[in-house]
Amino acid sequence: MQEKLRTFLEQYMDCIRKNAGEMMDKAMPEADEELFSLFEKTGNRLRYEDVYFTRRKYLAVFGCLAILDGGERYVKKLVEVLKGICDEECWALPAHVHRDSDPDWRVCVDLFASETGQALAEIISLAGDKLPEDVRQLVRENIFRRVMNPFLESTPPYRPWEGADHNWNAVCGGSIGCIGMYLMQDEPEKLNALLERLQASLTHYIGGFAEDGTCMEGLDYFSYGFAYYVGFAEMLQRYTNGKTDLLAQEKCHKIALFQQKCYFPSGRTLSFSDGSSHGNYQMGLTCYLAMRYPDMVIPPVSVARGFEGDSCFRFMCNLRDVLWTRDYLKEEEKKQAADGSGESGAAEGGEHAKADEGNVMVLNAAQWNIAHGKSGGGMACKGGHNGEPHNHNDVGSFLYMLGDEMLLTDLGAGEYTRQYFGPERYQILCNNSFGHSVPILDGEGQKDGAEYGSSSFEADGRGGCEIHFAGAYGDSRVKELVRHFSYDPRTEVLEIEDELEAEGDVPLWENLVTQYRPEIRDGHVRIVGEKYACCVETQDLAGGFLVEEKKHSSHKGVLESVYCISWEVPAENGDPGVRKCRFRIVPSAK
């Protein structure tokens, strides 16, 4: 394990140096008005953000090298980059400002202005005298004008994030706290008041996690928000000489362990909400948490996020991927020297965990049921409600994996546009019920809102689960809708039974979602991946299977094909108010 971590560090630094070589003689791309206004005109975020985050990549590359390496040429280029960042008209993203109604739109303390301020404060503090004094002063003035003063001069709560229960609170508040500890130590009373205010705000962020530690926004948002929370907590503990430890509470311990519950043994990840099935964890954050919590498991190093893995190039995380991983390795070396043993420390998540050991995880507060199969894949299903953070109308949905192939999929996050977070959200496939493996009742999917959800969720801890979710559809005719799951980790057979009870005739159609083109053959549906295949089998259908190809714009804006497999469930014994469907998903030879 330790050798893999050393290799990871070497490759991480090699990547930064390689980028530096390619960027050294290139100017940063210009974040101009034409691109900025594109969001306002069309709702497109990606074109401006591509340029914005390329500029943050320059900051991360040369900021990290100036601190970790100190080479004169890196510092010289960093000075050019720092001046360029200070010349930007606005540090916030177009999606977060309102130019039509706010004359002061150029100063907006959003996620990215906060991240930028934290990065600049850390760079000028840790690079120190390597940087010219006039440049450090320019950077400091920009940080206070654009981030610190607007917050310090505001009456709590600073809108929209202070006291919120989601990642904005952690990222903005954590960044501002770090800036304060770097740049305000000559004003201890003012700094201490700031830190008290931020700690009060961050209690709400921790409160936003389910009691079992689940981040309802998904794995990627756990990594994002908690990284900034932990970065602030670590710095605050040092600043207070250990008197204030925000990670000492048991809730933080549970939150830390959430990450490993989202990884299947193959390295694929749970993609509920705006998550990703190809999630890559932050090595620095994971190593730091492993030093704090002995039951922390480090997922396979092969799926750790490399330097290029974060398209936003967040400096706080990039620098700590190096520093905290180094600290973890040093601590492990000390432990080995002290007890004379071999490797110790956090376990690495293996690729093919035993099918009869620790393969089922139930997160009751979140209503998630996760089971691992012998191939390294597994299944996951969820209850919950349709007013969750980054909500999808997906109560009762599930995913099914063999090995590292998700044959029945949860699409996770789509492309972030103005429409994605506006009134048109549930017209987008990945957010509505038609983009999830859930029943469709009388041609309608589920409704959005916290009042539409499951009334009961019970999991047996062995792969079985029962969800009552008639209330997710908002149809007064529907009296009961129950979905039963049964999963065998050894055979990797998933059996599902749906039972509908309604007043009058309420047609029930099953809907399954895959990104592999399905084949209808011999009365069943066959889904074939690159390495694995499965069959969907049922006798409870009126007519035949239908397959409809739809389009999904991925989180990166790539248009992908999605196949929806559907069939009508017949009335039970001629009673149109009662319908039952049993279907099985069975691994098959390719």
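Counting begins at 1 with the first residue of the sequence.
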Checklist entry - Run the side chain to side chain donor-acceptor pair (under 3.5 Å) check on R47 and N44 step by step: do they pass? => result CA-CA 7 Å; R47 287 187 59 196; N44 181 282; 5.7 Å; no
Within this structure, what is the [atom1]-[atom2] distance for the pair [X] and [Y], rounded to the nearest 0.5 Å?
X    : Y    : atom1 : atom2 : answer
S266 : M401 : OG    : CE    : 4.0 Å
L285 : M316 : CG    : CE    : 11.0 Å
Q2   : L329 : CD    : CG    : 6.0 Å
M181 : E122 : CE    : CD    : 10.5 Å
I16  : E308 : CD1   : CD    : 9.5 Å

Does a side chain donor of either [X] or [Y] reach within less than 3.5 Å of an acceptor in the other side chain?
X    : Y    : answer
N167 : E217 : yes
Y48  : D32  : no
Q259 : T286 : yes

Checklist entry - Cation-pi between R197 and F151: NZ/CZ under 6.0 Å from ring centre and within 45° of the ring axis? => result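 Output yes; distance and angle both within limits.
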Next on the checklist: Taking the six-membered ring of Y288 as reference, does the cationic atom of R320 (NZ for Lys, CZ for Arg) lie under 6.0 Å from its centre and within 45° of its axis?
Outcome noted: no
Next on the checklist: What verdict does the side chain to side chain contact (heavy atoms under 4.5 Å, CB included) test give for L120 and N142, after you've listed the backbone C-alpha separation in whole Å, the side-chain angles of each residue and the deciding distance to 0.1 Å?
Outcome noted: CA-CA 9 Å; L120 295 176; N142 271 270; 5.6 Å; no
Checklist entry - Do R45 and T417 pass the side chain to side chain donor-acceptor pair (under 3.5 Å) test, and can you show the C-alpha distance, the side-chain angles, and the key distance before you say yes or no? => result CA-CA 6 Å; R45 292 175 56 154; T417 61; over 6 Å; no
Next on the checklist: Walk me through whether R136 and D129 qualify under salt bridge (charged side-chain N to carboxylate O under 4.0 Å, His left out).
Outcome noted: CA-CA 9 Å; R136 281 185 285 163; D129 292 340; 3.5 Å; yes
Is there side-chain contact between [X] and [Y], with at least one heavy-atom pair below 4.5 Å?
X    : Y    : answer
L138 : L82  : no
M28  : L59  : no
I370 : Y263 : no
D186 : L191 : no
D410 : S277 : no
C287 : D327 : no
D102 : V97  : no
L152 : M184 : yes

Taking the six-membered ring for Trp, are the ring centroids of [X] and [Y] within less than 6.0 Å of each other?
X    : Y    : result
W368 : F272 : yes
F232 : Y228 : no
F421 : Y416 : yes
F53  : F313 : no
H96  : W168 : yes

Donor-acceptor under 3.5 Å ([X] side chain, [Y] main chain):
X    : Y    : value
N169 : D165 : no
K130 : A66  : yes
D104 : V107 : no
Q282 : D321 : no
K251 : I206 : yes
S114 : S175 : no
Y281 : P299 : yes
T244 : T240 : no
Q249 : L246 : yes
D110 : L93  : yes

Next on the checklist: ring-ring contact (aromatic ring centres under 6.0 Å, His included), that's the test. Do W161 and Y205 meet it? Break it down for me.
Outcome noted: CA-CA 10 Å; W161 54 262; Y205 167 69; over 10 Å; no
Are there over 12 heavy-atom neighbours, none belonging to [X], within less than 6.0 Å of that residue's [atom1]?
X    : atom1 : result
Q185 : CD    : yes
D134 : CG    : yes
E72  : CD    : no
E133 : CD    : yes

Item to check | Worked verdict on L247 versus Y229 for side chain to side chain contact (heavy atoms under 4.5 Å, CB included) | outcome: CA-CA 9 Å; L247 294 175; Y229 179 87; 3.9 Å; yes
Next on the checklist: Working note: Y12 + W324, criterion ring-ring contact (aromatic ring centres under 6.0 Å, His included); need CA distance, chi angles, decisive distance, verdict.
Outcome noted: CA-CA 13 Å; Y12 198 95; W324 283 349; over 10 Å; no
Checklist entry - What do the steps show when you test D245 against R292 for side chain to side chain contact (heavy atoms under 4.5 Å, CB included), and what is the final call? => result CA-CA 11 Å; D245 183 1; R292 289 299 308 260; 2.8 Å; yes
Next on the checklist: Less than 4.0 angstrom from a charged side-chain N to a carboxylate O is my criterion; do R55 and E88 meet it?
Outcome noted: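 Between E88 and R55 there is a salt bridge, with a charged N closer than 4.0 Å to a carboxylate O.
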Next on the checklist: The test is side chain to side chain contact (heavy atoms under 4.5 Å, CB included); show your working for Y420 and R425 and say whether it passes.
Outcome noted: CA-CA 5 Å; Y420 197 90; R425 178 177 181 85; 3.2 Å; yes
Checklist entry - Knowing that exactly one of R56, R146, R314 qualifies, which makes a salt bridge (Lys or Arg N to Asp or Glu O under 4.0 Å) with E115? => result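 The single option meeting the salt bridge (Lys or Arg N to Asp or Glu O under 4.0 Å) with E115 is R314.
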Next on the checklist: Checking Q336 against E332 for the side chain to side chain donor-acceptor pair (under 3.5 Å) test, could you report, in this order, the C-alpha distance in whole Å, the side-chain angles of both residues, the deciding distance, and whether it holds?
Outcome noted: CA-CA 6 Å; Q336 290 172 35; E332 291 307 304; 5.0 Å; no
Checklist entry - Under the side chain to side chain donor-acceptor pair (under 3.5 Å) criterion, do D274 and H392 qualify, and how do the steps go? => result CA-CA 8 Å; D274 274 353; H392 295 189; 2.8 Å; yes
